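Just below is one structure, and these are the notes that go with it.
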Amino acid sequence: MSVKENLFKIKSQLPDSVTLVAVTKTKSPEIVLEAYQSGQVVFGENKIQEMVAKWEELPKDIQWHMIGHVQRNKVKYMAPFVSLIHGVDSLKLLKEIDKQAQKHKRVINCLFQIHIAEETTKFGLTEDELVEILADEEFPLLQHINIQGVMGMASFTDKMDQIRQEFQLLKSVFERLKQKIPEVNILSMGMSGDYQTAIEEGSTMVRIGSSIFGERNYPGK
Ligand SMILES: *Cc1c(COP(=O)(O)O)cnc(C)c1O
């Protein structure tokens, strides 16, 4: 099946309330363009340099989401254009995003990445760490970031009941964050292997790569 057919198939399965982020890491700009010409405008990358290179080359109305781990010293490269950063996992990083956004007279949308998987290798905050950030006296001073919700990745496992429980945990963190910041409305969870379960558990944004574009050229995260 072509990229266009895959996109239409997946989109037809998504409720209107769920945003599709088409994950194009390791894929060429030509392939991104093919998806764009089929009507997709929201794309996700996990490496800042790769995202910047594609942003430079491709139509400027594409909305670029940074879904990977963010190194503070690279925030400046995406600050002029990034549409949503999914992987915020420290106050230090948030402060750097705020600083770079201010330089470009922008407000940058952010999600807190929450650790929900059993593996220790996945990035993200515990709920206690999230609560600490929200309570920090510096947090309200950050005027150039806009917290929109949370993102998480379930364990790499076939056990769907475990994946479901991890999504339920993320949903509960999302609900508690919403009590503190009522504008919060994005619950980013679900990838190629588990997006149906994620949607059943309340996801509002799924990040799908291989089901649209095929296997990646090298193993990305
Ligand atoms: C690669 C990646 C995805 C997409 O994974 P697929 O299994 O190819 O759909 C989603 N989220 C994050 C954070 C990723 O790095």
Side-chain angles (χ1 to χ4, degrees), residues 1-14 18-28 31-32 34-35 40 42-52 54 63-71 74-75 78 82-90 93 109-125 148-160 162-164 166-167 169-171 173-174 186-221:
M1 289 225 297
S2 68
V3 163
K4 186 175 181 171
E5 286 168 327
N6 290 339
L7 260 174
F8 283 169
K9 186 170 158 236
I10 287 173
K11 283 207 139 172
S12 69
Q13 295 169 11
L14 301 181
V18 176
T19 302
L20 171 63
V21 181
V23 176
T24 46
K25 62 195 187 197
T26 81
K27 299 296 172 186
S28 70
I31 293 178
V32 182
E34 191 182 337
Q40 180 67 22
V42 182
F43 291 94
E45 289 282 335
N46 73 335
K47 295 212 164 60
I48 292 174
Q49 260 115 344
E50 195 178 333
M51 185 171 77
V52 170
K54 286 174 182 163
Q63 295 170 28
W64 291 103
H65 287 200
M66 175 41 57
I67 62 170
H69 181 66
V70 178
Q71 285 169 277
K74 291 185 182 161
V75 171
M78 65 174 165
V82 67
S83 160
L84 178 63
I85 300 176
H86 290 234
V88 175
D89 61 357
S90 72
L93 174 58
N109 297 318
C110 295
L111 306 179
F112 286 114
Q113 183 170 354
I114 308 297
H115 182 101
I116 53 170
E118 64 180 0
E119 296 104 72
T120 51
T121 51
K122 298 229 166 96
F123 296 103
L125 298 160
Q148 291 202 300
V150 294
M151 176 271 229
M153 288 169 85
S155 294
F156 188 70
T157 172
D158 297 335
K159 295 186 220 144
M160 286 320 281
Q162 179 180 345
I163 291 174
R164 188 178 292 282
E166 292 172 357
F167 286 152
L169 170 65
L170 188 60
K171 164 88 174 178
V173 174
F174 170 75
I186 297 177
L187 176 51
S188 168
M189 61 185 193
M191 309 179 17
S192 290
D194 55 22
Y195 70 91
Q196 276 110 342
T197 307
I199 290 168
E200 285 165 18
E201 297 306 331
S203 171
T204 69
M205 187 173 274
V206 292
R207 310 175 308 269
I208 299 180
S210 40
S211 292
I212 301 171
F213 302 105
E215 291 307 312
R216 275 180 287 280
N217 308 333
Y218 57 84
K221 266 211 24 172

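In listed order, ligands and their atoms are each counted from 1. The basis for the numbers below is simple: all heavy atoms, side chains too, and nothing from hydrogens, waters or symmetry mates. Values in this document were obtained by computation on a predicted structure and should not be read as measured data.
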Would you mind listing which atoms of ligand 1 come within a distance below 4.0 Å of any non-hydrogen atom of [X]?
| X | result |
| --- | --- |
| I208 | 9 (O) |
| I67 | 2 (C), 11 (N), 12 (C), 13 (C), 14 (C), 15 (O) |
| G209 | 4 (C), 6 (P), 8 (O), 9 (O) |
| S192 | 6 (P), 7 (O), 8 (O), 9 (O) |
| R207 | 4 (C), 9 (O), 10 (C), 11 (N), 12 (C), 13 (C) |

Could you grab the distance from atom CG of L125 to atom NE2 of H115, nearest 0.5 Å is fine? 10.5 Å
Hey, could you give me the CZ/CD distance between F43 and Q63, rounded to the nearest 0.5 Å? 10.0 Å
Considering only NZ, NE, NH1 and NH2 on the basic side and carboxylate oxygens on the acidic side, decide whether E45 and K54 come within less than 4.0 Å. yes
So which bit of H86 gets within less than 4.0 Å of ligand 1, heavy atoms only: side chain, backbone, both or neither? neither
Testing the basics here: between R207 and I67, what is the closest heavy-atom pair and its distance to 0.1 Å? CD-CG2, 3.9 Å
Shortest non-hydrogen separation from F167 to I116 and the atoms involved: CD2-CD1, 4.3 Å
